[in-house]
Novice: 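Questions regarding the structure given below will be posed in turn.
Protein chains get the first letters and strands the later ones, always in sequence-line order, with residue 1 at the start of each. Quick caveat: nothing in here was measured; it's all calculated off a predicted structure.
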Amino acid sequence: QQQVKQSPQSLIVQKGGISIINCAYENTAFDYFPWYQQFPGKGPALLIAIRPDVSEKKEGRFTISFNKSAKQFSLHIMDSQPGDSATYFCAASMYPGGYNKLIFGAGTRLAVHP
Amino acid sequence: SAVISQKPSRDICQRGTSLTIQCQVDSQVTMMFWYRQQPGQSLTLIATANQGSEATYESGFVIDKFPISRPNLTFSTLTVSNMSPEDSSIYLCSVEIRGREETQYFGPGTRLLVL
């Protein structure tokens with residue numbers, strides 16, 4: 001019940017295209033949904049995040065769409081660039097007491113071809 | 001956000017030995033966390049380190065194998081004890097910042113190879 005399922009495992013997109021990564025969760029106790037971007041040899045970096053009372057959040061070329069009833073959320077990268085090539089992790093946060101616990105999806109390896 | 005550093009950045013160790021990884025933050029933070037990321041895999045929480053109390057370990061991780069210290073609000077250590085090749089992984093610390101407790105910020109990671 002604490003799982004976060006992420007798809008696809010890998011994604012190849014042409015430069016200028018739209019990259020779409022999907023995540024689904026079961027536990028309705030989750031109340032915060034961040035996306036992290038990780039480049040090889042680096043730690044994950046917070047990209048964008050959303051709360052379940054909002055259906056969409058946009059920051060530059062990155063948009064999160066959130067469907068509370070379906071318990072699904074997705075990351076859209078508009079005008080994808082080769083510099084966006086990285087691994088993307090969705091996550092869901094819950095508060096079991098004392099701290100916020102992050103549960104990560106399996107990750108999506110994105111390659112943007114020029 | 002916060003600037004987080006980890007030492008060492010990478011190491012190669014012999015089986016049966018132990019390695020202590022340090023995590024230093026440039027500002028006082030509420031919670032610190034330690035994760036393991038096996039090659040090509042996702043992040044798995046090892047334990048949560050709260051200053052002044054014992055760490056809280058996730059299922060499958062025990063204090064004897066992964067002792068953690070948190071002596072103050074800006075520093076924590078994770079020791080990987082009696083290492084085996086299965087411990088080869090990236091170890092990451094993350095922090096929660098006061099006022100933004102829902103978000104975790106990650107350090108650069110320590111890449112460990114056990115021979």
Novice: Pairs under 3.5 angstrom only: tabulate donor-acceptor contacts from the side chains of residues 68-76 of chain A to other protein residues two or more places apart or in another chain.
Specialist:
residue: A/Ser69; atom: OG; partner: A/Asn67; partner atom: OD1; Å: 2.9
residue: A/Lys71; atom: NZ; partner: A/Glu26; partner atom: O; Å: 3.3
residue: A/Ser74; atom: OG; partner: A/His76; partner atom: NE2; Å: 3.2

Novice: Check whether A/Gln38 gets within reach of chain B through its side chain, its backbone, both or neither, counting any heavy atom under 4.5 Å.
Specialist: side chain

Novice: Considering only heavy atoms, which portion of B/Gln37 lies under 4.5 Å from any heavy atom of chain A: side chain, backbone, both, or neither?
Specialist: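 Side chain of B/Gln37 only, per the 4.5 Å heavy-atom cut-off to chain A.
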
Novice: Please identify each residue that fulfils ring pair (Phe, Tyr, Trp, His ring centres under 6.0 Å) with A/Tyr36, with sequence neighbours left out.
Specialist: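 Ring pair (Phe, Tyr, Trp, His ring centres under 6.0 Å) list for A/Tyr36, sorted by chain: A/Phe104, B/Phe106.
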
Novice: What I'd like to find out is whether the side chain of B/Gln24 reaches to under 4.5 Å of the side chain of B/Thr74, using heavy atoms alone.
Specialist: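 A side-chain contact exists here, since the closest heavy-atom pair is under 4.5 Å.
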
Novice: Around A/Gln9, counting heavy atoms of other residues, nucleotides and ligands shown, do more than 12 lie under 6.0 Å from its CD?
Specialist: no

Novice: How would you list, in number order, the residues of residues 7-21 of chain B that have a heavy atom less than 4.5 Å from chain A?
Specialist: none

Novice: Considering non-hydrogen atoms only, spot the tightest contact between B/Gln6 and B/Thr110 and give its length.
Specialist: NE2-OG1, 3.2 Å

Novice: How would you list, in number order, the residues of residues 40-47 of chain B that have a heavy atom less than 4.5 Å from chain A?
Specialist: B/Gly40, B/Gln41, B/Ser42, B/Leu43, B/Leu45

Novice: So which part of A/Leu46 gets closer than 4.5 Å to some heavy atom of chain B, the side chain, the backbone, both or neither?
Specialist: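 Only the side chain of A/Leu46 comes within 4.5 Å of chain B.
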
Novice: In terms of hydrophobic clusters joined by side-chain contacts under 4.5 Å, are B/Ile90 and B/Met83 together?
Specialist: no

Novice: Just checking B/Arg111: does its CZ atom have more than 12 heavy atoms from other residues, nucleotides or ligands closer to it than 6.0 angstrom?
Specialist: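 Result for CZ/B/Arg111: enclosed.
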
Novice: Is any side-chain heavy atom of A/Leu11 closer than 4.5 Å to one of A/Ser19?
Specialist: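 SC-SC contact between A/Ser19 and A/Leu11 confirmed.
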
Novice: Quick check: B/Phe66 with B/Tyr57 (ring centres under 6.0 Å apart)?
Specialist: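 Centroid separation for B/Tyr57 and B/Phe66: 6.0 Å or greater.
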
Novice: Just so I understand: if I count every heavy-atom pair under 4.5 Å between each of B/Thr56, B/Leu92, B/Thr48 and chain A, which residue has the most?
Specialist: B/Thr48

Novice: Which label fits A/Phe33 and A/Phe66: parallel for a plane angle under 30°, tilted from 30 to 60°, or perpendicular past 60°?
Specialist: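 Tilted, since the angle between the ring planes falls between 30° and 60°.
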
Novice: Please check if B/Val29 and A/Leu102 belong to a single hydrophobic cluster, counting links between Ile, Leu, Val, Met, Phe, Trp and Tyr side chain heavy atoms closer than 4.5 Å.
Specialist: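 In one cluster: yes.
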
Novice: What's the shortest heavy-atom distance between A/Ser65 and A/Glu56, and which atoms?
Specialist: OG-OE1, 4.0 Å

Novice: Side chain, backbone, both or neither: which part of A/Pro44 has a non-hydrogen atom closer than 4.5 Å to chain B?
Specialist: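 Contact with chain B: backbone and side chain both.
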
